[in-house]
Number of protein chains: 2
Amino acid sequence: MHETAAATAEVDNSARPYHHGALRSELIAESLKTISERGVAAVSLRQLARDAGVTPAAPYHHFPDRAALFAAIIAEGHTLLYKRLGDAVSVAVDATAALRDMLVAYARFAADHPAHMRVMLRPEAGDPARHPEVADTRAVDLLRATVVAAQREGALPNADPEPWVQLFWSLAVGYVTLWVDGPVEARCHALGTTPEEMIERVGDAIASLLRRPRG
Amino acid sequence: MHETAAATAEVDNSARPYHHGALRSELIAESLKTISERGVAAVSLRQLARDAGVTPAAPYHHFPDRAALFAAIIAEGHTLLYKRLGDAVSVAVDATAALRDMLVAYARFAADHPAHMRVMLRPEAGDPARHPEVADTRAVDLLRATVVAAQREGALPNADPEPWVQLFWSLAVGYVTLWVDGPVEARCHALGTTPEEMIERVGDAIASLLRRPRG
DNA sequence: GACTGCATCTAAACAACGATCAGTTCACAT
DNA sequence: ATGTGAACTGATCGTTGTTTAGATGCAGTC
């Protein structure tokens, strides 16, 4: 160590320019790291500023408040999620498989981007009135289209698709809610399986119902 | 008004005894009120203390920290929820109806006790390692028994019940997650219905699948 | 090349929060 | 009556989100 390191600083402040240069993206990146390691509640704008080597007021030039930082993460998450769901649908052999694979893809997104998922599930971070970008309907629109396709294929009754949309949406959200910070991890371990495998089985279960003969 | 009211106090401090007498229960009651009105994040031990007319340190004689207050609310919520689910199962004509009605009962619990539900869905408030009472398995045990009953009745395949347990559990948790602080309220309003009616339809949808002939 | 506009950052401050600690009060069991 | 222990006070600490006024320096214009 040829340089004196500050007590809590993460970077060498002595050589740092007045302007950080990429503070906004670093704040988001460090937030995601903190969230996946210690949860959403552990995110502090002041701590982020310290880690980035700037003063506590600097982040406020990129985000009006703490919620705006989370809103940016949510928007990023929605885009990542929508891509995953689109990929799942595009490779499915039929609408029933598409619904099953969307569910699995949703869970895999949560596994691969736990920080995004945690913030997306956090109510106070995603107030659509203050941050409209958190109300992204692309994923649910894709789900609705897949439900309608399943109805055309006879896998689902030809009635109002909305309850089915709500069912699959709730199922996905519920599973990841119980996974990213809930009891699913411990429960699966006790059952001798993994959350990744469990969501596959849940998907197979609902798909087996859809493939039953029509009543 | 024959008495001088303090600026922010909710009670008449002049006639208040040294010992509050029922501080613990009042803290919980005021928390629930705040949570249903302004969310979990708005709960502050200091504000609760002010409302109760005690000093900021008083609550710490009843709860080791903020999380312990939430843990107490979660434990209370689990008991209330288990009772609702038990009532739903006991009046159902068969296991399929029981599963449907448990789902609806779960949502109704969330509607009737939104504050309890919000805290129960809050991950950092319910760390089982620090507060074991938040890991209540009564509800999921009842769900598993109902799933097994449905298997005996032929409504569900006679395979491992756990994926089905996980499916219904996730479905319920997902719906209330999307309801108590999510987009379901606005979505139902746009669809010309209500969240109460929507969960009934979702329950009918899944029940219709269970009643289809076996494949 | 000097000038200027503007986003970016600093420095200092404020109010509110969770939490701790030594001391005070008071109901109740002995 | 006595004294023990739970409930509460009063003071304090460190941290947080947020605001304000001012300093800085890059990107373009004359």
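In what follows, every chain begins at residue 1, and chains take the letters A, B, ... in the order their sequences are listed. Because the structure is a prediction, the values reported are computed rather than measured.
Comparing C/dC9, D/dT12, D/dT16 by their closest approach to the side chain of A/Arg46 singles out D/dT16. For A/Arg50, the listed nucleotide lying nearest its side chain is D/dT16; candidates were D/dT16, D/dC8, C/dT20. When each of C/dA12, D/dG17, C/dA19 is scored by its nearest atom to the side-chain atoms of A/Ala57, the top-ranked nucleotide is C/dA12. Of the listed nucleotides (D/dT9, C/dG18, C/dT10), D/dT9 has the atom at the smallest distance from the side chain of B/Thr55. For A/Ser44, the side-chain atoms get nearest to D/dG17 when compared with the rest of C/dT10, D/dG17, C/dG18.
With rounding to whole Å, A/Glu26 atom CD is found 15 Å from C/dT8 atom C1'. Atom pair A/Leu45:CG and D/dT15:P shows a separation of 16 Å (rounding to whole Å applied). In this entry the distance linking OH of A/Tyr60 with C1' of C/dC9 reads 15 Å, nearest Å. Note: CD (A/Gln47) to C1' (D/dT15) measures 10 Å, nearest angstrom. Separating the CG atom of A/Leu69 from the P atom of D/dT18 is a distance of 11 Å, rounded to the nearest angstrom. Rounding to whole angstrom units, CZ of residue B/Phe63 and P of C/dT20 are separated by 16 Å. B/Leu48 places its CG atom 14 Å from the P atom of D/dC8, with the value rounded to the nearest Å.
Side chains of A/Thr79 and A/Arg138: a donor on one and an acceptor on the other come within 3.5 Å.
Taking NE2 of A/His78 as the start and CG of A/Leu85 as the end, the distance is 10.5 Å to the nearest 0.5 Å. Atom-to-atom distance recorded for A/Glu162:CD and B/Arg201:CZ is 9.5 Å, nearest 0.5 angstrom.
Between D/dC8 and B/His62, a contact under 4.0 Å exists linking OP1 or OP2 to a side-chain N or O.
Between A/Asp141 and A/Arg144 there is a salt bridge, with a side-chain nitrogen of the basic residue lying less than 4.0 Å from a carboxylate oxygen of the acidic one. A salt bridge is absent between B/Arg122 and A/Asp181: the closest approach of a Lys/Arg side-chain nitrogen to an acidic carboxylate oxygen does not fall below 4.0 angstrom.
Taking the nucleotide of DNA chain C with the nearest heavy atom to each of B/His61 and B/Asp65, the more 5' of the two is matched to B/Asp65.
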